[in-house]
Structure formats: C-alpha cells, structure tokens
Amino acid sequence: MTDTGKPARYHARRDFGKTAEPEGGSAAQRADGPPSYVVQIHDARSMHFDFRLEADGVLKSFAVPKGPSRDPHDKRFATPTEDHPLEYRDFEGVIAQGEYGGGTVIVWDEGTYHNATTDRQGHEVPLAEALERGHASFRLDGRKLHGGYALTRIRRAEDEGREAWLLVKEADERAAGTGTPDPRRARSARTGRTLRQVAAAERSGRGR
C-alpha cells in the first residue's frame with residue numbers, strides 16, 4: 001500500500017474519472033471499535049460475491065463465486081483479489097462497462113468481526129499475518145451472517161498459477177442448513193434493492 005493510504009494495485013487498475021468507485025486515501029477512517037467486514041454481490045463478467053475483511057487499514061478481499069454459506073458442509077471456493085480501500089465497504093452502484101470489473105454492485109451483508117486466529121500457545125495472530133500464513137478464523141456479527149468462519153489456503157500461486165482458498169462456516173450455534181441466496185434475487189442490506197433495481201436506477205439517473 002502506498003503512503004497515501006491507497007492500495008496500489010487497486011488504484012492502478014482504475015480510472016477514477018470514469019468509475020464511481022472510491023479512490024481511497026481519504027482522512028476519514030473507521031471509528032474505534034471492532035474491525036468491519038462487507039459482502040458485496042458483483043454482477044460483472046461472471047456473477048460472484050466479494051468477501052472483504054478490514055485489516056491493516058485496507059479491506060482484504062476474496063472473490064467467492066457461490067458466496068459465503070451458513071451451512072458448515074459447504075466448502076466455498078475463494079480467490080484472493082487486490083486489497084481495497086476501507087471506503088469500498090460503502091460502495092453500491094454500477095461500474096461502467098469497459099472499466100475494470102464493469103457491472104452492478106450491491107452490499108449484500110455488512111457488520112463487524114472478531115479475529116479468532118491463535119498460534120499453538122493460544123496467542124492471537126493478527127488477521128493480515130494469519131492470511132499470509134494461509135489460515136484465518138473469525139466470528140462475524142453482521143446483518144445476515146453470524147458466528148465462526150474460516151479461510152484456508154489450499155493452493156499457492158506458485159503451485160498451479162493461481163492461489164486458491166476455501167471459505168467454510170464453523171459448526172457452531174449460528175450454523176444453519178441454508179446456503180446462499182440466488183444473487184439475482186438477493187437484496188441489499190443497505191437499501192433493500194436487487195442488482196436489477198440498482199442498475200435500473202443508475203440508467204434512469206436516480207442513482208442511490
């Protein structure tokens with residue numbers, strides 16, 4: 001990350017004269033309290049969920065094609081993407097076609113989390129470090145998702161060309177037999193709108 005607070009790879013991929021996505025690096029950061037997370041549905045070239053955890057002043061981000069599940073039996077494939085600025089947790093709208101990630105985005109879930117990753121001596125391992133090591137456990141307290149989850153790396157980039165992870169719900173009191181909703185029918189945790197409604201509002205000039 002650069003000293004301006006802008007994640008370098010994120011910034012290099014975007015033309016902020018054409019995309020409404022936040023540029024990042026503003027003075028406004030989160031208030032004291034537990035770190036945040038957000039799950040966005042992104043109707044881009046391929047439909048997917050973006051799972052983002054706040055750590056070290058950015059959002060550590062993973063593309064999860066089928067989305068996070070409440071069912072511990074579901075092992076959701078996840079691919080790490082570039083760090084996003086904290087301001088991105090508020091983004092809901094349409095990325096112009098032709099721009100990186102062009103398509104509609106809604107905030108499907110949001111909330112805070114508690115890092116539950118520990119070493120063999122029981123000491124907490126910071127989330128960013130845990131991800132570097134290849135395994136992170138955390139408890140979500142969101143509008144839709146709750147309880148323990150874990151991200152585990154199953155393949156390194158140098159092994160087969162692309163890093164791969166699994167996102168799995170822990171078998172705790174907040175587990176359920178339900179998986180993930182149909183993303184085209186799912187509604188924003190912020191506005192109650194579907195992807196289609198957000199896109200229609202953008203075309204009509206109503207935006208948010």
Side-chain angles (χ1 to χ4, degrees), residues 1-31 35-68 78-113 127-128 131 140 142-145 151 162-163 165 167 180 183-184 186-208:
M1 192 173 72
T2 69
D3 58 6
T4 61
K6 300 173 183 177
R9 190 176 175 208
Y10 167 90
H11 201 257
R13 288 180 162 184
R14 291 161 174 83
D15 181 346
F16 294 99
K18 297 179 180 178
T19 180
E21 296 168 283
E23 190 169 356
S26 73
Q29 299 294 318
R30 71 173 180 87
S36 63
Y37 83 91
V38 65
V39 182
Q40 287 155 314
I41 301 178
H42 190 175
D43 186 10
R45 183 173 55 183
S46 60
M47 180 80 73
H48 65 277
F49 291 70
D50 287 308
F51 185 80
R52 312 188 196 279
L53 295 162
E54 178 185 348
D56 287 358
V58 295
L59 295 172
K60 298 293 182 181
S61 300
F62 291 80
V64 185
K66 293 186 177 181
T79 303
T81 62
E82 70 271 19
D83 293 345
H84 282 50
L86 292 183
E87 294 91 338
Y88 209 92
R89 63 194 160 192
D90 298 322
F91 179 68
E92 184 168 287
V94 178
I95 303 169
Q97 293 300 319
E99 291 302 297
Y100 178 76
T104 308
V105 176
I106 62 171
V107 176
W108 178 69
D109 189 31
E110 61 182 352
T112 60
Y113 76 91
L127 187 88
L131 292 174
L140 302 181
R143 297 196 186 188
K144 299 176 182 178
L145 300 177
L151 273 163
R162 192 168 190 185
E163 199 169 310
W165 293 64
L167 174 64
T180 311
R184 297 192 182 278
R187 293 186 177 273
S188 165
R190 291 198 162 199
T191 64
R193 298 184 299 177
T194 63
L195 288 163
R196 184 175 180 179
Q197 290 170 330
V198 169
E202 189 80 11
R203 288 194 299 270
S204 69
R206 295 196 306 270
R208 302 184 115 185

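Just the heavy atoms: all of them, side chains too, but no hydrogens, waters or symmetry mates, feed the values below.
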What distance separates [X] [atom1] from [Y] [atom2], expressed to the nearest 0.5 Å?
X: Tyr100; Y: Arg45; atom1: OH; atom2: CZ; value: 9.0 Å
X: Gln197; Y: Thr191; atom1: CD; atom2: OG1; value: 8.0 Å
X: Glu54; Y: Tyr113; atom1: CD; atom2: OH; value: 6.5 Å
X: Thr104; Y: Met47; atom1: OG1; atom2: CE; value: 8.5 Å
X: Arg190; Y: Ile106; atom1: CZ; atom2: CD1; value: 12.0 Å
X: Leu140; Y: Glu110; atom1: CG; atom2: CD; value: 13.0 Å

Between Glu82 and Arg13, is there a salt bridge with N-O shorter than 4.0 Å?
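Judged by the 4.0 Å cut-off on N to carboxylate O distance, Arg13 and Glu82 do form a salt bridge.
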Under a 4.0 Å N-O cut-off, is there an ion pair linking Asp43 with Arg196?
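Result for this pair is no, no salt bridge flagged.
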Are [X] and [Y] packed together at the side-chain level, in the sense that at least one heavy-atom pair is separated by less than 4.5 angstrom?
X: Val58; Y: Tyr10; value: no
X: Glu21; Y: Glu99; value: no
X: Arg14; Y: Ile95; value: no
X: Pro35; Y: Leu127; value: no

Does any donor atom in the side chain of Arg89 or Ser36 lie under 3.5 Å from an acceptor atom in the other side chain?
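There is such a pair between these side chains.
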Where the side chain of [X] meets the backbone of [Y], is there a donor-acceptor pair that is under 3.5 Å apart?
X: Asp109; Y: Val39; result: no
X: Thr19; Y: Phe16; result: no
X: Lys144; Y: Trp108; result: yes
X: His42; Y: Asp50; result: no

Heavy-atom closest pair, residues [X] and [Y]:
X: Arg187; Y: Gly192; answer: NH1-O, 2.7 Å
X: Pro85; Y: Gly24; answer: CB-CA, 3.6 Å
X: Thr180; Y: Gly67; answer: OG1-O, 3.5 Å
X: Val105; Y: Val198; answer: O-CG1, 4.3 Å
X: Trp165; Y: Pro80; answer: CD1-CD, 3.6 Å
X: Val107; Y: Phe91; answer: CG2-O, 3.5 Å

Donor-acceptor pairs are to be reported for all side-chain atoms of residues 59-66 against protein atoms at under 3.5 Å, with residues two or more places apart or in another chain.
| residue | atom | partner | partner atom | Å |
| --- | --- | --- | --- | --- |
| Lys60 | NZ | Asp83 | OD2 | 3.1 |
| Ser61 | OG | Arg52 | NH1 | 2.9 |
| Ser61 | OG | Leu59 | O | 3.0 |

